[in-house]
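As structure tokens, the structure follows; a few thoughts come after it.
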Amino acid sequence: MPKFNILIIGGGLGGLATTVALAQQGHKVTVLESTAKLQTIGGSITIPPNSMRVWDYLGLLPRLHAAAETSMPSPRVFRSYKGEEISEGGITKSVYKYDLTSLHRAPLQKLLLDAATEAGADIQINTRIIEIDESGLSPVAVTKDGRRIEADLIISADGAKSMLRSLLHPKTQLSTCINCYRAVIPGSMLRADPELSQLLETATIWWGPHRNIVGVPIQNGQLFSLECTHPGDTGTAGDWNKKGDVELMKATYSDFEPLVLKLLGMVKAEDLLVWKLNQLPELDSWVFGGGRVCLIGDAAHAMMPFSGQGHAMAIEDSAALSLCLARCTSTSSIPRALHAFEAIRKPRTTVLGKYSEHNARIWQLPDGPEQRERDERSRKSPFFIAPDWDGRHVDEVPGIPPDPLFFPYMLAHDVVAFVSFPR
Ligand SMILES: Cc1cc2nc3c(=O)[nH]c(=O)nc-3n(C[C@H](O)[C@H](O)[C@H](O)COP(=O)(O)OP(=O)(O)OC[C@H]3O[C@@H](n4cnc5c(N)ncnc54)[C@H](O)[C@@H]3O)c2cc1C
């Protein structure tokens with residue numbers, strides 16, 4: 001296998017995971033990241049079984065558990081906004097081979113940064129890319145301060161508001177109509193309250209009319225991450241730093257159960273952020289015309305967090321891309337590898353994006369017959385269970401739930417086997 005000189009634009013979770021995968025294969029990888037230091041903003045990141053499998057493939061599973069400060073699974077409980085428990089989601093290692101866990105974004109990012117550095121990658125911070133030049137034999141990334149950096153291959157992992165995507169698809173817009181308050185509360189505050197301490201045992205998803213709340217204990221219960229979605233115009237797309245208004249947040253969820261109101265009362269003004277959630281329509285292409293520049297992660301397929309699969313799709317991309325490139329015999333076969341990568345990955349990321357949109361609707365149904373029917377269905381057949389699945393890998397893209405093969409397709413996907421042995 002030839003060793004390429006590869007540029008990765010963006011040192012977020014997807015860019016760094018791809019860096020690890022490619023540097024482990026012996027490629028010379030340089031990461032160009034616009035910010036001045038490690039991004040520590042954010043709340044919980046979910047690692048579902050299909051993502052955990054890739055962490056294992058990269059040899060990073062023990063470090064992932066260490067970063068999460070626990071190797072215990074993190075079950076999901078669904079409740080109505082009035083406090084009634086509806087069902088418990090059934091993700092189990094015996095069914096999906098790997099568990100599900102959640103952890104804070106900061107240790108996850110640090111783990112990947114350390115692993116990328118140890119694998120020999122060159123990480124350049126304070127380096128914003130503003131242009132791509134494909135006019136020569138090899139593509140060139142142009143930095144804001146005027147440097148031109150040439151490579152055999154350029155990978156755009158520059159996130160939901162990707163600059164490189166705007167070059168390839170100038171008319172494509174992120175759809176952004178749902179806002180999200182984010183806060184992380186010290187677990188000790190919940191532990192001190194007998195009612196709230198139960199929330200440290202499981203992740204809880206409250207379904208309410210036009211709004212929902214997800215509360216996840218992370219770092220072995222030392223922290224509790226809150227995500228509260230709502231309509232309106234409080235957030236800004238792709239701005240992870242915008243401060244939220246605590247009083248407005250409390251007013252927005254004032255009809256939720258008293259447990260939630262007590263929880264929201266613990267959020268400090270300085271800790272509250274408000275985001276607009278991003279969803280990208282399916283793009284015609286992820287590969288630039290010259291065939292040596294391509295989009296991955298949120299740049300290619302940003303989706304709202306209602307599937308818990310945003311980061312998982314980015315890390316699956318990292319394994320898939322490295323395996324496609326491993327089949328190259330020279331730089332002239334890079335375009336074929338990138339097109340193969342896109343052809344393999346797009347159907348999956350597209351259906352998971354649709355599933356996120358589907359959940360955005362059904363997790364926020366107004367009170368009424370459709371909501372009652374959802375609750376009843378969820379009681380009988382909880383999220384993530386797959387009673388009729390025979391355990392075989394689901395190769396073909398299924399429909400979204402209630403298609404019985406959807407959860408096995410989402411959670412038991414083995415990206416390495418799927419890319420290595422195409423059916
Ligand atoms: C600060 C932050 C917090 C987040 N918190 C959460 C969370 O709590 N939960 C969750 O599920 N998802 C969160 N996300 C989104 C989640 O990380 C992504 O869905 C997923 O990990 C995909 O990763 P990515 O590498 O494609 O994009 P990202 O992780 O967004 O990384 C993109 C990177 O590219 C860099 N970049 C952007 N433009 C340029 C440029 N022109 N030149 C060079 N570098 C550039 C950015 O600074 C960033 O580091 C967060 C993203 C960010 C940036």
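Both counts, for ligands and for their atoms, begin at 1 and track the order of listing.
At a 4.0 Å heavy-atom cut-off, ligand 1 touches Ser34 through backbone and side chain alike. By the criterion of a heavy-atom distance under 4.0 Å, the side chain of Arg105, and not its backbone, is placed next to ligand 1. With a 4.0 Å cut-off on non-hydrogen atoms, Leu16 does not touch ligand 1 at all. No part of Leu164 comes within 4.0 Å of ligand 1, judged by heavy-atom distances. Within the 4.0 Å heavy-atom criterion, the part of Ser44 lying near ligand 1 is the backbone and not the side chain. Only side-chain heavy atoms of Arg182 come within less than 4.0 Å of ligand 1; its backbone N, CA, C and O stay farther off.
Near Ile45, with a cut-off below 4.0 Å to any heavy atom, the atoms of ligand 1 are 6 (C), 7 (C), 9 (N), 10 (C), 11 (O), 12 (N), 13 (C). Atoms of ligand 1 lying under 4.0 Å from at least one heavy atom of Gly14, given by number and element, are 23 (O), 24 (P), 25 (O). Each of the atoms 47 (O) of ligand 1 lies under 4.0 Å from some heavy atom of Thr35. Of all the atoms in ligand 1, the ones that sit under 4.0 Å from a non-hydrogen atom of Gly10 are 33 (C), 34 (O), 35 (C), 44 (N). The contact set between ligand 1 and Ala314, taken as ligand atoms under 4.0 Å from a residue heavy atom, comprises 22 (C). Near Asp298, the atoms of ligand 1 lying under 4.0 angstrom from a non-hydrogen atom of the residue are 18 (C), 19 (O), 20 (C), 22 (C), 26 (O). The contact set between ligand 1 and Gly297, taken as ligand atoms under 4.0 Å from a residue heavy atom, comprises 26 (O).
The protein heavy-atom contact nearest to atom 49 (O) of ligand 1 is Glu33 OE1, 2.7 Å. Among protein heavy atoms, the minimum distance from atom 37 (C) of ligand 1 is reached at Asp158 O, 3.3 Å.
Counted by atom type alone, Thr229 and Gln364 present one or more donor-acceptor pairs between their side chains at under 3.5 Å. No hydrogens or angles considered: nothing links the side chains of Asp255 and Tyr81 as a donor-acceptor pair under 3.5 Å.
Ring centers of His301 and Trp286: under 6.0 Å apart, within the cut-off.
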